[in-house]
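The structure appears right after this line, and notes come after that.
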Amino acid sequence: MSTRFRATRSTVTERAASRRGGFPLFVAGGQYALAMRWSQLFVPTLRDAPADAEAASHRLLIRGGFIRQLHSGHYTMLPLGWKVHEKVADIVREEMNAIGGQEFLFPAMHPKSLWEASGRWTTMGDEMFRLQDRSGTDVGLAMTHEEAFAQMALEVNSWRALPQIWYQLQWKFRDEPRPKAGLLRVREFVMKDAYSLDIDDAGLDESFDKHHGAYLRIFGRLGLDAMPVEASSGAMGGSGSIEFMVESPSGEDDVVRCPNCDYRANVERAASAVAPIDDDTPPDAPEKFATPGIRTIAALEEAGAPADRQIKTMVMVIDGAVTLALVRGDHQLNMQKLQDATGGVDIRPATPDETVKHLGAAPGSLGAVGVDAEIRIYADHALDGRTNMTTGANEDDFHWRGVDIARDISVTEWVDLREVSAGEPCISCGSTLEIVRCIEAGHIFKLGTRYAEAMGAHVLDAEGQKRTIVMGSYGIGIGRNMAAVAETHYDDKGLTWPVSVAPYEACITAMKVDDEATMIAATALYDELRGAGIDVILDDRDARAGVKFADSELIGIPHRITIGPRGLKDGMVEHTVRSTMETSDVALDAVAALVTDAITAAR
RNA sequence: CGGGCAGUGGCGCAGGUUGGUAGCGCGCCUCGUUCGGGACGAGGAGGUCGUGGGUUCAAAUCCCGCCUGCCCGACCA
């Protein structure tokens with residue numbers, strides 16, 4: 001063994017050991033030795049994926065023997081899957097440690113009182129799993145840990161201790177209404193959740209930026225092309241909010257992206273430039289006119305009112321109160337924007353009965369002109385200043401025209417409600433916006449003082465003044481990222497993991513297991529690569545070549561070394577790079593160095 | 001929760017409308033021949049047809065209830 005290998009080995013050993021808190025993962029050991037031979041491993045690969053697996057990652061992770069479903073939204077990690085999962089987790093750990101993060105482990109089961117302190121015992125609703133212990137005490141399974149970390153922050157008493165970055169990797173439980181797509185959306189998953197503690201907003205900004213950088217490094221190492229986008233803060237509350245999005249058809253979010261400048265935003269947040277509309281000369285007063293049978297924007301358009309000169313009136317019930325949301329006739333209401341604008345918790349469309357009761361007409365003839373002053377009216381900015389508009393008259397078969405919004409409608413608040421559509425002009429550069437489907441791989445946001453205030457987490461500043469700790473919250477779903485990598489790294493043969501998270505970095509495929517020369521060479525190479533710190537597996541199964549090739553390609557091992565009598569008689573083996581499937585003949589005594597260099601460079 | 005669909009050996013499916021006690025491919029076990037790209041032959045193991053009830057001489061099949069899972073929408077790492 002060359003000295004170069006020894007050097008590589010110690011580097012990797014140390015790195016692995018530091019990742020695992022002194023617990024070496026990828027070095028030779030009694031436990032690891034068992035995992036050397038494929039013939040002894042439990043890797044149940046499938047020729048056919050279950051029919052109900054649709055997403056590419058779902059299909060391939062099941063076929064490759066990485067995961068199995070226990071029930072809806074709950075997956076078992078098989079040895080191969082857990083290995084990948086932990087490699088992802090270790091990358092996250094390393095980058096969190098690199099920005100000064102300190103790892104904790106909080107319980108997953110929390111007392112009701114902790115969540116009552118922040119008010120989320122109620123507001124989390126059905127999303128939270130709840131149960132009672134034997135004495136009848138209510139407990140919940142944590143969906144996230146703001147409360148718990150904020151409570152821990154009670155023990156930080158001086159400004160001198162700040163800033164702090166605290167994190168953990170812990171199971172989260174969420175009673176998702178609809179688990180789907182394998183690991184992409186589940187009810188039980190490991191999340192790396194981090195929380196920053198700062199004395200003020202400037203400190204928070206700094207902690208936030210540190211995480212932003214760490215996240216980009218994490219996704220880079222995972223081989224994910226993740227773009228930071230402006231996002232809604234959702235149920236967590238807070239101001240600044242950035243999601244890291246990976247483009248994929250299996251995603252669940254729509255991101256507005258400008259091909260020309262760097263504008264990127266979740267549709268829940270995105271804006272676009274809206275061209276002005278010529279309203280012509282408006283009349284002095286609105287005029288009611290009969291519109292028999294007309295119930296839709298399109299029908300009204302045929303009757304002479306262009307959609308962009310109509311007001312669309314959506315009746316919503318926000319925390320029990322009937323509320324109107326107004327957008328231009330050709331625009332779509334975005335529910336998240338309405339929620340963000342109103343601060344509502346429970347938002348739903350009104351039922352037809354509620355609509356008739358409060359507005360006097362059924363959907364299709366609704367408007368905001370002259371409605372009960374009790375009803376709050378939120379109007380989209382695109383309607384601001386508009387005149388000569390057409391809208392429902394709250395009387396079946398009648399509409400108003402010549403409506404001047406400022407004059408005729410008592411708008412409670414002007415807000416951003418409309419959803420951006422593809423093809424609209426970018427708000428910052430005017431280029432044509434596109435909308436791409438994405439997986440939300442990570443989310444960072446500025447919580448402010450909400451949780452620290454609720455838990456009473458204060459410090460004394462340099463002047464001896466009591467200050468509420470300012471917090472940030474930063475999440476990455478480990479399993480989801482594993483799925484996102486799979487979702488973006490595969491071909492018709494199977495997965496093409498990047499070296500950083502591959503279940504094994506290299507596979508030695510012995511072509512003829514009853515050929516002594518083959519097995520001696522394969523075993524020696526295996527020892528040499530292990531010695532060089534390579535995470536390598538020896539496929540010693542007594543199976544046909546096609547089966548072994550297909551399996552190594554399916555599970556996506558980046559490098560394969562094929563050893564058989566045919567090449568061996570000339571001292572040659574084959575090296576195949578999984579991502580490109582390029583195969584080359586290499587001298588047996590040169591292949592270890594070649595593969596080691598390639599893997600080391602790719603880590 | 002609203003809309004659509006499906007539960008039959010480990011996986012993929014047929015059978016169902018025309019009730020008669022379950023079949024195919026892959027996988028698994030044994031033997032032989034093969035074997036550098038998912039081999040072939042012979043033999044074999046494996047299923048309360050999701051579940052409860054009903055109709056019937058007889059139910060995988062018809063009827064009702066329930067459970068579970070998947071896909072599309074409202075929520076999130």
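Proteins come first, then strands; the chains are lettered A, B, ... in the order of their sequence lines, and each starts at number 1.
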So which one's nearest nucleotide on RNA chain B is more toward 5', A/Met581 or A/Gly477?
->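 Whichever sits nearer the 5' end wins; that is A/Met581.
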Pairwise 5' ranking along RNA chain B for A/Glu54 and A/Phe549, keeping only the more 5' one | A/Phe549
[X] has a side chain; which of [options] sits nearest to it?
X: A/Val186; options: B/rC72, B/rA77, B/rG36; value: B/rA77
X: A/Glu440; options: B/rG36, B/rG73, B/rA77; value: B/rA77
X: A/Arg480; options: B/rC71, B/rG73, B/rA77; value: B/rA77
X: A/Phe445; options: B/rA77, B/rG37, B/rG36; value: B/rA77
X: A/Arg544; options: B/rA39, B/rG37, B/rA77; value: B/rA39
X: A/Asp253; options: B/rA77, B/rG73, B/rC76; value: B/rC76
X: A/Gln336; options: B/rA77, B/rC76, B/rG37; value: B/rC76

Considering only atom [atom1], compute the distance from [N] to [M] and round it to an integer number of Å.
N: B/rC35; M: B/rG16; atom1: P; answer: 44 Å
N: B/rG12; M: B/rA6; atom1: P; answer: 16 Å
N: B/rU30; M: B/rC49; atom1: P; answer: 30 Å
N: B/rA14; M: B/rC72; atom1: C1'; answer: 28 Å
N: B/rU17; M: B/rG3; atom1: P; answer: 28 Å
N: B/rU55; M: B/rG9; atom1: P; answer: 28 Å
N: B/rU48; M: B/rA59; atom1: C1'; answer: 14 Å
N: B/rC40; M: B/rU61; atom1: C1'; answer: 38 Å

Note: A/Asp416-A/Arg418 ion pair, threshold 4.0 Å (strictly below) |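 Between A/Arg418 and A/Asp416 there is no salt bridge, as every charged N stays at least 4.0 Å from the carboxylate O atoms.
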What are the atom names and distances for every N/O pair under 3.5 Å that joins the protein to nucleotides 25-30 of chain B?
unit_1 : atom_1 : unit_2  : atom_2 : d
B/rC26 : O3'    : A/Arg47 : NH1    : 3.3

Does a distance-only test, which skips hydrogens and angles, find a donor-acceptor pair under 3.5 Å between the side chain of A/Glu553 and the base of B/rG37?
->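 Checked by distance alone, the answer is yes.
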Under-3.5 Å donor-acceptor pair between A/Arg178 side chain and B/rG4 base |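 Answer is no: no donor-acceptor pair is held.
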Contacting residues from residues 484-497 of chain A, given that a heavy atom lies under 4.0 angstrom of RNA chain B = none
Does any residue of residues 68-76 of chain A have a heavy atom under 4.0 Å from RNA chain B, and if so, which ones, in number order?
-> A/Gln69, A/His71, A/Ser72
Tell me every residue that passes side chain to side chain contact (heavy atoms under 4.5 Å, CB included) with [X], counting only those two or more places apart in sequence or in another chain.
X: A/Leu70; result: A/Thr76
X: A/Arg376; result: A/Thr323, A/Tyr378, A/Thr412
X: A/Lys112; result: A/Glu116, A/Trp121, A/Asp138
X: A/Thr583; result: A/Glu574, A/Thr576

Between A/Lys180 and B/rC76, is there a side-chain N or O to OP1/OP2 distance below 4.0 Å?
-> no
Partner set under side-chain hydrogen bond (donor to acceptor under 3.5 Å, both in side chains) for A/Thr509, not counting sequence neighbours | none
Can you name the side-chain hydrogen bond (donor to acceptor under 3.5 Å, both in side chains) partners of A/Ser248, sequence neighbours left out?
-> none
When all nucleic acid strands are considered with a 4.0 Å heavy-atom cut-off, which category describes [X]: base, sugar-phosphate, or nothing?
X: A/Asn481; result: nothing
X: A/Ala543; result: nothing
X: A/Gly567; result: base
X: A/Gly564; result: base
X: A/Arg560; result: base

Atom pair CD (A/Gln170) and CG (A/Asp193), whose distance is rounded to the nearest 0.5 Å = 8.0 Å
How far does CG of A/Leu495 sit from OG of A/Ser579, to the nearest 0.5 angstrom?
->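 If we round to the nearest 0.5 Å, A/Leu495:CG and A/Ser579:OG are 13.0 Å apart.
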Sequence neighbours excluded, the answer for ring pair (Phe, Tyr, Trp, His ring centres under 6.0 Å) partners of A/Phe549 is none
A/His85: ring pair (Phe, Tyr, Trp, His ring centres under 6.0 Å) partners, not counting sequence neighbours |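 A/His85 satisfies ring pair (Phe, Tyr, Trp, His ring centres under 6.0 Å) with A/Trp82 once adjacent residues are dropped.
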The complete set of ring pair (Phe, Tyr, Trp, His ring centres under 6.0 Å) pairs with one or both residues in residues 166-188 of chain A, sequence neighbours excluded, reads A/Phe104-A/Trp166
Within 45° cone and under 6.0 Å: A/Lys172 NZ/CZ vs A/Phe189 ring |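 Checked: cation-pi criterion not met.
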